[in-house]
Amino acid sequence: MKLYNSLSKEKEVFVPHLAGKVGMYHCGPTVYDHVHIGNLRSFLMGDFIRRVFEINGYHVTQVMNITDVGHLVSDGDDGDDKMTKALKREGKEITLENMIAIADIYAESFKDDLKALNMLTPHYFPKASDHIQEDIDIIQKLEEKGFSYTTSDGVYFNTEKMADYGKLGGLDLDKEHESRIGINAEKNNQADFALWKFDESQGWDSPWGQGFPGWHIECSGMAGKYLGEQFDIHTGGADLRSVHHNNEIAQSECATGCSPYVKYWMHGEMLNFGGAKLSKSTGGNITLKSLAERDINPLAYRYLAMQTHYRSPMNFTWEILESAQTGLNRVYKEILELQRKSNNNVGHVDEHFKSEFESKIYDDINIPQALAVFHTMMKSNISADNKLATAYYFDEVFGLGLSEYTEEIIDIPENIQVLLNQRKKARENKNWEESDKLRDTLAEMGYKVLDIDSEQKIEKL
Ligand code: AMP
Ligand code: ZN
């Protein structure tokens, strides 16, 4: 199994820290709003990595944090943090309790998104606000070892004390010094970053004064607690590599004295929209709710994400998502046909296609090429029951729910058929409002309608 390691900038053979086991950590969302589909691309990458390791027989421990407090508006140490902004946006008083309450709402919404995209639930889902003591412990160790200093607004990590600071790359330290000069004159070095920020009005008590942990320390605190001082894989979007992850390495390695903190750093490229990274601030606030408004199955987004390797940037347009939905529906239809043909007998996984598939997934999680193997297999002349078995096997990695996609043969009562006919007409006339209304009525009457390749499929609820 080979993985591209951002640390060495090479594909490396994977050697686990502990035989047969994989510990992996994903930088989770800052829950100040619903996550957008760019964020979800990064989390899907984590899900595919976990599934590939599991199909390979590893015992995986997956940790994804929820960032619910802190001073985190940007990589810098200044400005309003995102959670404070969320409270202002929603007209709520700025208190720690409100911050945590609002975060809980969006954390739940995030968990719904993970389910809608068929992502496996991480084994640990720690919230930053529950791990303040872990952060304080690390900062104390750094202080004892002489890696920190205190200014009027916080406790800072002294980057000059770490010989290989910035080893993940992406930081031009000279430039970093120039461009940030004047932002915080009290810092020894502009690359130094906050471990703890003072806040007189709210926050937690600490040996240095009331306040909040820095953004970077939260991940060191949670990863260390659940995965130990050294672990296998750490992921995140490529935008986190240069500052957040270099800083996480600095804190963890200097506090524990263990290096490397993480053996394999894996970074997912960005989802772009209209020529720029998709983000709320650039007007690209596309969420799974936006997809539902257009009647798009969230799994069509999963299927779309599977078509670009995680290390390549991906451009989003509604048109390509719609064609992914058509493509996915075609796959479901093929699966239904195979089920019918084989009388629902699941045969044996085809050895040839299995080894082709594995050669792709074990080569730096190449899902797009694995998907190409799937399509070739579906077109091949192997028997329907073996095709079904092979498709279900591949789907342990793809996560498209193929084996759950069974057809229930039901007698449709006449009144239901009338509504279905009306809905068909509404859809032909592109009257989505009417079509949604009829879908809701059918649901109230105990029937779920799915739209597959412009045909309506009905299931009993
Ligand atoms: P945040 O909530 O901003 O901390 O981001 C959560 C995760 O989403 C991080 O791993 C980011 O790197 C990732 N991310 C943010 N924007 C995008 C994007 N447009 N495409 C892919 N990943 C993104
Ligand atoms: Zn992080």
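Along the sequence shown, the residues carry numbers beginning at 1. When a ligand or atom number is given, it counts from 1 through the structure's own listing order. Here the structure is a predicted model, which is why all the values come from computation and not from measurement.
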**Q.** Heavy-atom side-chain proximity of Ile138 to Glu134 below 4.5 angstrom
**A.** no

Q. Mind checking whether His216 and His244 have parallel, tilted or perpendicular rings, split at 30° and 60°?
A. tilted

Q) With side chains defined as the heavy atoms from C-beta onward, is the minimum distance between Tyr310 and Phe48 less than 4.5 Å? A) no

Q.
Can you name the atoms of ligand 1, numbered from 1 with element, that are less than 4.0 Å from a heavy atom of His36?
A. 16 (N), 17 (C)

Q | Stacked cation flag Lys187 on Tyr156, 6.0 angstrom / 45 deg | A | no

Q: Write out the residue and atom name of the closest protein heavy atom to atom 10 (O) of ligand 1, then the distance separating them to 0.1 Å.
A: Gly237 N, 3.0 Å

(Q) Taking a cutoff of less than 4.0 Å between a non-hydrogen atom of the residue and any ligand atom, is Phe273 in contact with ligand 1? (A) no

**Q.** Ring geometry between His245 and His267 (parallel below 30°, tilted from 30 to 60°, perpendicular above 60°)
**A.** tilted

Q) Side chain, backbone, both or neither: which part of Leu240 comes within less than 4.0 Å of ligand 1 when only heavy atoms are counted? A) side chain

Q.
Could you tell me if the side chain of Tyr124 sits less than 4.5 Å from the side chain of Met222, heavy atoms only?
A. no

Q: Sort by chain and number the protein N/O/S atoms that are closer than 2.8 Å to the Zn ion (ligand 2), and list them.
A: Cys27 SG, Cys219 SG, His244 NE2

Q | Met99 vs Thr84, side-chain contact (heavy atoms from CB on, under 4.5 Å): CA-CA, chis, key distance, verdict | A | CA-CA 7 Å; Met99 215 178 259; Thr84 308; 3.7 Å; yes

Q: List the closest protein heavy-atom neighbour of atom 12 (O) of ligand 1: residue, atom name, distance to the nearest 0.1 Å.
A: Asp239 OD1, 2.4 Å

Q: Quick one: look up the protein heavy atom nearest atom 21 (C) of ligand 1 and list residue, atom name and how far away it is.
A: Gly38 O, 3.0 Å

Q: Check whether the side chains of Gln62 and His26 place a donor and an acceptor atom closer than 3.5 Å, and report yes or no.
A: yes

Q: For Pro29, take its heavy atoms, then give the atoms of ligand 1 lying under 4.0 Å from any of them.
A: 2 (O)

(Q) Is any side-chain heavy atom of Gln251 closer than 4.5 Å to one of Tyr261? (A) no

Q.
Within a 6.0 Å radius of atom NE2 on His59, are there more than 12 heavy atoms belonging to other residues, nucleotides or ligands?
A. no

Q: Please verify whether a non-hydrogen atom of Gly268 lies at under 4.0 Å from ligand 1.
A: no

Q) Is it the side chain (CB and beyond), the backbone, both or neither of Leu271 that lies under 4.0 Å from ligand 1, heavy atoms counted? A) both

Q: Identify the protein heavy atom lying closest to atom 17 (C) of ligand 1, giving its residue, its atom name and the separation to 0.1 Å.
A: Met270 SD, 3.6 Å

Q | Side-chain touch Ile286/Trp318, heavy atoms, less than 4.5 angstrom | A | yes

Q: Identify the protein heavy atom lying closest to atom 4 (O) of ligand 1, giving its residue, its atom name and the separation to 0.1 Å.
A: Thr30 OG1, 3.4 Å

Q | Ring geometry between Phe157 and Phe193 (parallel below 30°, tilted from 30 to 60°, perpendicular above 60°) | A | parallel

Q. What's the shortest distance from atom 3 (O) of ligand 1 to any protein heavy atom, and which residue and atom give it?
A. Lys82 NZ, 3.4 Å

Q | atom 13 (C) of ligand 1 - nearest protein heavy atom and its distance | A | Ser42 OG, 3.4 Å

**Q.** Pairwise side-chain contact, Tyr332 with Leu402, heavy-atom cut-off 4.5 Å (strictly under)
**A.** yes

Q: Would you mind listing which atoms of ligand 1 come within a distance below 4.0 Å of any non-hydrogen atom of Phe43?
A: 6 (C), 7 (C)

Q.
Under a 4.0 angstrom heavy-atom cut-off, which atoms of ligand 1 come close to Leu278?
A. 16 (N), 18 (C), 19 (N)

Q: May I ask you to list the atoms of ligand 1 that are less than 4.0 angstrom from any heavy atom of Lys277?
A: 16 (N), 19 (N)

Q | For atom 14 (N) of ligand 1, the protein heavy atom that lies nearest, with its residue and separation | A | Asn39 ND2, 3.6 Å

Q. Of the backbone atoms (N, CA, C, O) and the side-chain heavy atoms from C-beta on, which set of His26 has a member under 4.0 Å from an atom of ligand 1: side chain, backbone, both, or neither?
A. neither

Q: Could you tell me whether the side chain of Trp215 reaches within less than 4.5 Å of the side chain of Asn247, counting heavy atoms only?
A: no

Q.
Counting C-beta onward and ignoring hydrogens, is there a side-chain heavy-atom pair between Phe273 and Ile37 closer than 4.5 Å?
A. no

